[in-house]
Asks: 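Pasting a structure below so you can have a look.
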Amino acid sequence: MRRAAASLLFVAACATSPSDRSPEEQLRGCWINRDVGATTMRWLPDRTRPEVLAGSRLVYRQVGSPISTRYTLEPSDQGHSLCELGADGAATRCWRVARGEGGSLEGGRVFIDSHGERLRIAVVGDGPERVIFQGRRDGCD
């Protein structure tokens, strides 16, 4: 078990090298994944708090309405936090954004990997890796 945890930490550290760009710069804009159905993600400035990015993910299904999830990316003294929001707009889960530093993955850390026109957002250390989004840049309508 210890070996698996150490391997996971090593893989996570290698997967995300520190970027010269801030998390806001990495996320800002519109993204799409056209695999089975389509998933879109938009990261735009929050209307009431300009230092915060508001994210919305829509998962389009073959049948039924899209599944919507909202997020925020907020700066703090310790870096940035990415939070998933409930229907009432309150944060239900928050993770610290990993910026290439070491440290514990307890409670989960969010890794933002953006390279060129590709984006991947994943939570590591809070159970099995959870991919929030993976896709390519898209135009904002």
Asks: Distance from Trp43 atom CH2 to Cys30 atom SG, nearest 0.5 Å?
Replies: 12.0 Å
Asks: Quick one: list whatever passes side-chain hydrogen bond (donor to acceptor under 3.5 Å, both in side chains) with Thr69, sequence neighbours left out.
Replies: Arg57
Asks: Can you list the steps and then say if Tyr71 with Ile121 is a side chain to side chain contact (heavy atoms under 4.5 Å, CB included)?
Replies: CA-CA 12 Å; Tyr71 298 88; Ile121 306 167; over 6 Å; no
Asks: What's the shortest heavy-atom distance between Gly108 and Val123, and which atoms?
Replies: CA-CG1, 4.2 Å
Asks: Do Pro45 and Glu24 come close enough that some side-chain heavy atom pair is under 4.5 Å?
Replies: no
Asks: Does CG in Asp88 sit with more than 12 non-hydrogen atoms of other residues, nucleotides or ligands closer than 6.0 Å?
Replies: yes
Asks: Give a yes or no on whether Arg118 atom CZ has more than 12 heavy-atom contacts from other residues, nucleotides or ligands under 6.0 Å away.
Replies: no
Asks: For a side chain to side chain contact (heavy atoms under 4.5 Å, CB included) check, start with the C-alpha distance between Arg49 and Thr72, then their side-chain angles and the critical distance, and finish with the verdict.
Replies: CA-CA 11 Å; Arg49 300 177 298 162; Thr72 60; 4.2 Å; yes
Asks: Please name the pair of heavy atoms, one in Ala87 and one in Arg70, separated by the smallest distance, quoted to 0.1 Å.
Replies: O-NH2, 4.1 Å
Asks: Mark yes or no: Arg137 above the aromatic ring of Trp31, with NZ or CZ under 6.0 Å from the six-membered ring centre and no more than 45 degrees from the axis.
Replies: yes
Asks: Decide yes or no for Arg34 and Asp138: does some side-chain heavy atom of the first lie under 4.5 Å from some side-chain heavy atom of the second?
Replies: yes
Asks: Hey, does His80 have a side-chain heavy atom less than 4.5 Å from the side chain of Val110?
Replies: no
Asks: Please report the interatomic distance CD1(Ile132) to CG(Leu119), rounded to the nearest 0.5 Å.
Replies: 10.0 Å
Asks: Any chance you could measure Leu85, atom CG, to Cys94, atom SG, to the nearest 0.5 Å?
Replies: 8.0 Å
Asks: If I compare all heavy atoms of Phe133 with all of Asn33, which pair ends up nearest, and what's the gap?
Replies: CZ-N, 4.1 Å
Asks: Applying the side-chain contact (heavy atoms from CB on, under 4.5 Å) criterion to Thr39, which one of Val59, Ile32, Leu58 satisfies it?
Replies: Val59
Asks: Sequence neighbours excluded, which residues qualify as side-chain hydrogen bond (donor to acceptor under 3.5 Å, both in side chains) partners of Arg120?
Replies: Glu129, Gln134
Asks: Between Ser81 (side chain) and Glu74 (backbone), is there a donor-acceptor pair under 3.5 Å?
Replies: no
Asks: Mind listing the closest non-hydrogen atom pair of Leu44 and Cys140 along with its distance?
Replies: CD2-SG, 4.5 Å
